[in-house]
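Letters A, B, ... mirror the listed sequences (proteins, then strands); counts begin at 1. Bear in mind that the values here come from a model prediction, so they are computed numbers and not experimental data. What you see below is based on every heavy atom in this structure, not just the backbone, and it leaves out hydrogens, waters and symmetry mates.
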Amino acid sequence: MPELPEVEGVVRSLAPVSAGRTILSVKISETVLSAKQIGKEAIVKGITSEDFISEMAGMKILALSRRSKYIYFHVERDEEPYLLVSHLGMTGAWFVVDTLDDIKEERFRRHVHVTFEMADGGLLVYSDIRRFGELRLVKAESDYPPLLEMAPEPFSEEALHHFLAMCETPKYARKPIKEVIMDGHVISGCGNIYATEALYTMKIHPNRSAGRISKERKIELFQTIVDVLQESIRAGGSSISDYRNINGEAGTMQERLKMYGKKFCPGCGTRTKSLKIAGRTSVYCPSCQH
DNA sequence: AGCAGCGTCCGGCCGC
DNA sequence: TGCGGCCGGACGCTG
């Protein structure tokens, strides 16, 4: 389940082996081709398969960056810049290999959906077991408004003020704090794992209304989220279920998690509880979190 | 106009 | 061993 730290790890490992290379041609899996043919938006979004294939041919990858949980491939063709935006969804993964057989893990090898054949011979491969991910080619972020509506990067200077201001709007003030911090319009890149961890560290019940937390505590909560995201980046991300970086390496952050997926509170030993908030499982300690 | 709530995209896994 | 139900980021649509 890639959240910001996992996506950061992908960008860091993918950039050095893909930047500077040129895409010769593109292959899309039969699964995706037929899904798109019957009108579904399958992985390659906002464009027909044929157009994606012809648009991507000849693209040179200039650089990679991360924005929230999105990977941005900065590309150009005939000196015209484009952005190839990649979201990993639940189970997306990138590989740089010579042949598909080099993808060692069978479950990824079985679900290869987009293969970019590079001019220098290698392959840049997108695999996605559940197909919740997406690839979207745009001229610029403004071509796809949701990209402009994302909260600032959590490590940027304006992120804290953005968070505090959003908490005070009528839309968010009465919502559960967990729903608020997981909303990409409020904080970028904080998914279920890190929201769960930060609320546990802060001893805040996930269902508490955002408006019923003092400004001081909200500032501390924000800093806790930033800290846990940075700790996870340093640890190479959390390898829960299907996340690997492009070298097939698993991160170690999952070993440092204190509440996500736990049956008992590591602090007091109380059996944890779980409730649904905004459709997502939210684990907490009923004794420590209020 | 803006928002809440639901549908959508799926394979894997769990429990019966 | 077979199978129905559940899970989940984030957008898009509906009412």
> Under the 6.0 Å and 45° cation-pi test, does K258(A) pair with Y200(A)?
no

> Nearest whole angstrom, please: distance from the P of dG8(C) to the OH of Y194(A).
16 Å

> Could you tell me the separation between the NZ atom of K171(A) and the C1' atom of dA4(B), rounded to a whole number of Å?
8 Å

> Nearest-Å distance, NZ (K178(A)) to C1' (dG8(C))?
11 Å

> What I want to find out is whether E76(A) reaches K60(A) closely enough, with some N-O distance under 4.0 Å, to be called a salt bridge.
no

> Report the distance from atom NZ of K276(A) to atom C1' of dG5(C), rounded to the nearest whole Å.
12 Å

> State, to 0.1 Å, how close H185(A) and E149(A) come at their nearest heavy-atom pair, and which atoms those are.
CD2-O, 3.2 Å

> Any ion pair linking R12(A) and E8(A) (charged N to carboxylate O, less than 4.0 Å)?
yes

> Can you tell me the distance, in whole Å, between the CZ atom of R130(A) and the P atom of dG11(B)?
10 Å

> Can R136(A) be said to sit on top of Y144(A)'s aromatic six-ring, NZ or CZ under 6.0 Å from centre and within 45° of the ring axis?
yes

> Give each protein N/O atom lying under 3.5 Å from an N/O atom of nucleotides 6-8 of chain B, with the pair distance.
none

> Could you list, one pair per line, each protein nitrogen or oxygen that sits under 3.5 Å from a nitrogen or oxygen of nucleotides 9-12 of chain C, together with the distance?
residue : atom : partner : partner atom : Å
dA10(C) : OP1  : H87(A)  : NE2          : 2.9
dA10(C) : OP2  : K69(A)  : NZ           : 3.3
dC11(C) : OP1  : Y70(A)  : OH           : 3.4
dC11(C) : O3'  : Y144(A) : OH           : 3.4

> Would you classify K36(A) as touching base, sugar-phosphate or nothing, given that sugar-phosphate means primed atoms plus P, OP1 and OP2, and contacts are heavy atoms under 4.0 Å?
nothing

> Would you kindly say whether S238(A) and Y194(A) are connected by a side-chain donor-acceptor distance under 3.5 Å?
yes

> Would you say the rings of H113(A) and Y126(A) are close, in the sense that their centroids are separated by under 6.0 Å?
no

> A side-chain contact here means heavy atoms from C-beta on lying under 4.5 Å apart; do F73(A) and L14(A) qualify?
yes

> When the distance from CD of E6(A) to P of dG8(C) is rounded to whole Å, what number comes out?
16 Å

